[in-house]
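The block underneath contains the structure these notes are about, expressed in structure tokens.
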Amino acid sequence: MDGLIDDEPLDDVESFLSPNESDERDNVGLFSDSTKGPTLKEIHVIPANTRKFDCCCFSSDGKLLASGGSDKKATVWCTRSFKVRSTLDEHSQWITDVRFSPRTLKIATSSGDGTVKVWDVDNHGQSLRTFTGHSTGVASLDFHPSKDDLICSSDISNEIRYWSIKNGSCVGIFKGGATKLRFQPNNGRMLAAAAGKVVSIIDIETQVCRLKVQGHKKNIHSVCWDPSGEYLASTSDDVAKVWKFGSGSKGDCIHELNCNGNTFHTCVFHPTNTSVLIIGSHESLELWDMTENKTRTLQAHEKLVTALDASNASGLVASASHDCVKIWQ
């Protein structure tokens with residue numbers, strides 16, 4: 001990507017992509033066939049009881065699943081027995097996001113209380129760091145995929161902060177991300193950060209916004225990369241879009257799925273077939289086969305699907321909602 005995009009200060013980046021610029025895009029009015037195409041089988045349910053689940057994440061080996069939500073706690077489960085491995089309980093408000101470190105047994109949580117916490121999963125969930133500095137509630141966070149010391153977080157006032165886990169300090173502050181942020185897999189050179197109707201692609205090394213991808217007409221709820229880091233998916237109420245970054249592309253929108261009455265919220269690429277995007281909506285999962293241009297709807301929850309995650313190691317998918325977390329394969 002280095003030869004394809006120009007460095008510009010974060011606040012001065014002009015939009016380079018309008019909704020009609022990509023010739024590759026599939027604007028799909030898809031045929032929905034409930035008897036064909038990809039599917040998922042429900043294998044376990046974690047009931048919500050008095051809490052509401054807002055986030056979930058698998059460890060890199062797929063052996064652990066973390067969940068968090070309205071009870072101000074994050075819970076780590078073993079995916080074989082689904083027994084509780086540890087409970088992380090120090091936040092004073094709801095948990096908004098939870099992420100495992102890709103290379104170490106650490107887990108991070110963000111909260112409406114304005115803090116980010118890092119925990120040692122291998123030591124009974126001991127709290128290692130608490131990062132303070134956000135002036136408002138923290139909406140999202142992510143570990144860098146190859147730099148074990150680096151974590152980033154974004155708050156509802158559109159501020160992104162980078163933190164050093166080792167010394168506990170803030171090492172960078174930017175504007176441009178609020179709802180959701182995710183590092184590009186593998187080398188982690190780029191960070192995708194959604195705010196409003198725009199996804200900013202931020203270069204971690206040079207600390208500038210390389211480009212902004214546009215096309216959503218409503219606020220973006222979720223972004224996710226495919227495992228190769230060449231494709232990025234984003235969802236808003238009315239549409240899901242897939243953007244291409246590899247092979248000479250500069251964030252071209254190559255696939256588009258319009259909502260058919262059931263608003264979209266979150267998304268994740270299928271763990272064993274990345275041509276399928278799983279979209280969480282109200283009560284259901286939409287399995288969108290982008291190669292065949294078909295969707296399949298699975299009734300999954302009684303409420304909005306608030307978060308999705310997939311484990312490439314185990315082939316499992318987790319869907320979180322205010323009623324429960326479900327595990328699929």
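Note that the structure is a prediction, hence the values are computed from the model and not measured.
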For this session: Give the intermediate values and the outcome of side-chain hydrogen bond (donor to acceptor under 3.5 Å, both in side chains) for residues H255 and N293.
Result: CA-CA 9 Å; H255 296 295; N293 286 349; 5.0 Å; no
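- A distance of 14.0 Å separates SG in C324 from NZ in K52, rounded to the nearest 0.5 Å.
- By the neighbour-count criterion of 12 heavy atoms within 6.0 Å, atom NZ of K147 is densely surrounded, having more than that number from other residues, nucleotides or ligands.
- At distances below 3.5 Å, at least one donor-acceptor pair connects side-chain atoms of N262 with backbone N or O atoms of H282.
- Shown here for P227 and T274, the closest heavy-atom pair between the two residues is CD-CG2, 3.6 Å.
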For this session: Output, in order, the C-alpha distance, side-chain angles, deciding distance and verdict of side-chain hydrogen bond (donor to acceptor under 3.5 Å, both in side chains) for T75 and T87.
Result: CA-CA 5 Å; T75 305; T87 300; 4.6 Å; no
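- At a threshold of 4.5 Å between side-chain heavy atoms, the hydrophobic network of Ile, Leu, Val, Met, Phe, Trp and Tyr places F174 and V171 in one connected group.
- More than 12 heavy atoms of other residues, nucleotides or ligands sit less than 6.0 Å from atom CD of E42.
- At a threshold of 4.5 Å between non-hydrogen side-chain atoms, the residues H265 and S281 do not count as touching.
- Atom CG in D309 sits 10.5 Å away from atom SG in C55 (nearest 0.5 Å).
- A distance-only check finds no donor-acceptor pair linking the side chain of T109 to the backbone of V98 [under 3.5 Å].
- Comment: D203 engages R189 in a salt bridge, judged by a side-chain N to carboxylate O separation of less than 4.0 angstrom.
- Between L257 and F264, the shortest heavy-atom distance links the atoms O-CE1, 3.5 Å.
- Atom CZ of F269 is separated from atom OG of S228 by 8.0 Å, given to the nearest 0.5 angstrom.
- Between the NZ atom of K175 and the CD1 atom of I160 there is a distance of 10.0 Å, given to the nearest 0.5 Å.
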For this session: Let me see the working for V116 and S153 under side chain to side chain contact (heavy atoms under 4.5 Å, CB included), right down to the final yes or no.
Result: CA-CA 8 Å; V116 172; S153 57; 3.6 Å; yes
Exercise. When you look at F131 and W163, which way does the ring-ring contact (aromatic ring centres under 6.0 Å, His included) test go after all the steps?
Worked result: CA-CA 8 Å; F131 298 108; W163 310 93; 4.9 Å; yes
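- Linking Ile, Leu, Val, Met, Phe, Trp and Tyr residues whenever their side-chain heavy atoms come within less than 4.5 Å leaves I107 and W77 in two separate clusters.
- At a cut-off of 3.5 Å, with distance as the only test, a side-chain donor of H270 or T272 sits close to an acceptor on the other residue.
- When atom types are taken as modelled, the side chain of H144 and the backbone of S146 share a donor-acceptor pair closer than 3.5 angstrom.
- R85 and D122 are joined by a salt bridge, as a carboxylate oxygen and a charged side-chain nitrogen come within less than 4.0 angstrom of each other.
- Closest of all the heavy-atom pairs between A313 and G62 is CB-N, 4.2 Å.
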For this session: Kindly determine whether T266 and V305 satisfy side chain to side chain contact (heavy atoms under 4.5 Å, CB included), including the steps that lead there.
Result: CA-CA 7 Å; T266 186; V305 179; 4.1 Å; yes
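- Using the six-membered ring where Trp is involved, H216 and W243 have ring planes that are tilted, between 30° and 60° apart.
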Exercise. When you look at S70 and R51, which way does the side chain to side chain contact (heavy atoms under 4.5 Å, CB included) test go after all the steps?
Worked result: CA-CA 6 Å; S70 65; R51 62 192 155 187; 4.0 Å; yes
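- The aromatic rings of Y162 and F183 lie tilted to each other, with the angle between the two planes from 30° to 60°.
- In this structure a side-chain-to-backbone donor-acceptor pair under 3.5 Å is present from T306 to F53.
- Distance alone, capped at 3.5 Å, is enough to place a donor-acceptor pair between the D226 side chain and the Y231 backbone.
- Within 6.0 Å of the CG atom in N260, the count of heavy atoms belonging to other residues, nucleotides or ligands does not exceed 12.
- Residues I173 and E159 meet the side-chain proximity criterion, which asks for heavy atoms closer than 4.5 Å.
- Between the side chain of D155 and the backbone N or O of S157, at least one donor-acceptor pair lies under 3.5 Å.
- Tested against R103, the residues D149, D148, D61 include a single salt bridge (charged side-chain N to carboxylate O under 4.0 Å, His left out) partner, D148.
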For this session: Report the C-alpha distance between S111 and W94 in whole Å, list the side-chain angles of each, state the deciding distance to 0.1 Å, and finish with yes or no for side-chain hydrogen bond (donor to acceptor under 3.5 Å, both in side chains).
Result: CA-CA 6 Å; S111 171; W94 73 97; over 6 Å; no
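- Note: T179 OG1 to K197 NZ = 12.5 Å, rounded to the nearest 0.5 Å.
- With S140 contributing its side chain and L181 its backbone, the two residues share a donor-acceptor pair below 3.5 Å.
- Shown here is K326, whose NZ atom has more than 12 heavy atoms of other residues, nucleotides or ligands within 6.0 Å.
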For this session: Check step by step if salt bridge (charged side-chain N to carboxylate O under 4.0 Å, His left out) holds for E90 and K117.
Result: CA-CA 9 Å; E90 285 188 10; K117 292 181 178 289; 3.4 Å; yes
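- A side-chain donor from one of T115 and H91 sits under 3.5 Å from a side-chain acceptor of the other.
- Note on V268 and W225: separate hydrophobic clusters, where clusters join Ile, Leu, Val, Met, Phe, Trp and Tyr whose side-chain heavy atoms are under 4.5 Å apart, directly or indirectly.
- A donor-acceptor pair shorter than 3.5 Å can be found between the side chains of H221 and D237.
- Looking only at side-chain heavy atoms (C-beta outward), L298 and L287 come within less than 4.5 Å of each other.
- In the model, D323 has a side-chain atom that pairs as donor or acceptor with a side-chain atom of H301 under 3.5 Å.
- A salt bridge links D97 with R182: the closest approach of a Lys/Arg side-chain nitrogen to an acidic carboxylate oxygen falls below 4.0 angstrom.
- Ion pairing of K218 with D238 is absent here, as no side-chain N (NZ or NE/NH1/NH2) approaches a carboxylate O to less than 4.0 Å.
- Not a single donor-acceptor pair under 3.5 Å links the side chain of D252 to the backbone N or O of I254.
- When only modelled atom types and interatomic distance are considered, E286 and T295 share no side-chain donor-acceptor pair under 3.5 Å.
- Atom NZ of K106 and atom CG of L128 lie 6.5 Å apart (nearest 0.5 Å).
- When hydrophobic clusters are built by joining Ile, Leu, Val, Met, Phe, Trp and Tyr residues whose side-chain heavy atoms come closer than 4.5 Å, directly or via intermediates, I220 is grouped together with V213.
- Of all heavy-atom pairs spanning A178 and S154, the tightest one is O-OG, 3.2 Å.
- Minimum heavy-atom separation, I95 to D54: O-CB, 3.9 Å.
- Side-chain N/O atoms of S164 and S169 include no donor and acceptor closer than 3.5 Å.
- Between D142 and R99 a salt bridge is recorded (basic side-chain N to carboxylate O distance below 4.0 Å).
- Across every non-hydrogen atom of G188 and P145, the tightest pair is CA-CG, 3.5 Å.
- Hydrophobic clustering, with ILVMFWY side chains joined whenever heavy atoms are under 4.5 angstrom apart, keeps I278 apart from I43.
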For this session: Quick one: do M290 and L277 satisfy side chain to side chain contact (heavy atoms under 4.5 Å, CB included)? Show the steps, please.
Result: CA-CA 8 Å; M290 293 172 282; L277 186 70; 4.2 Å; yes
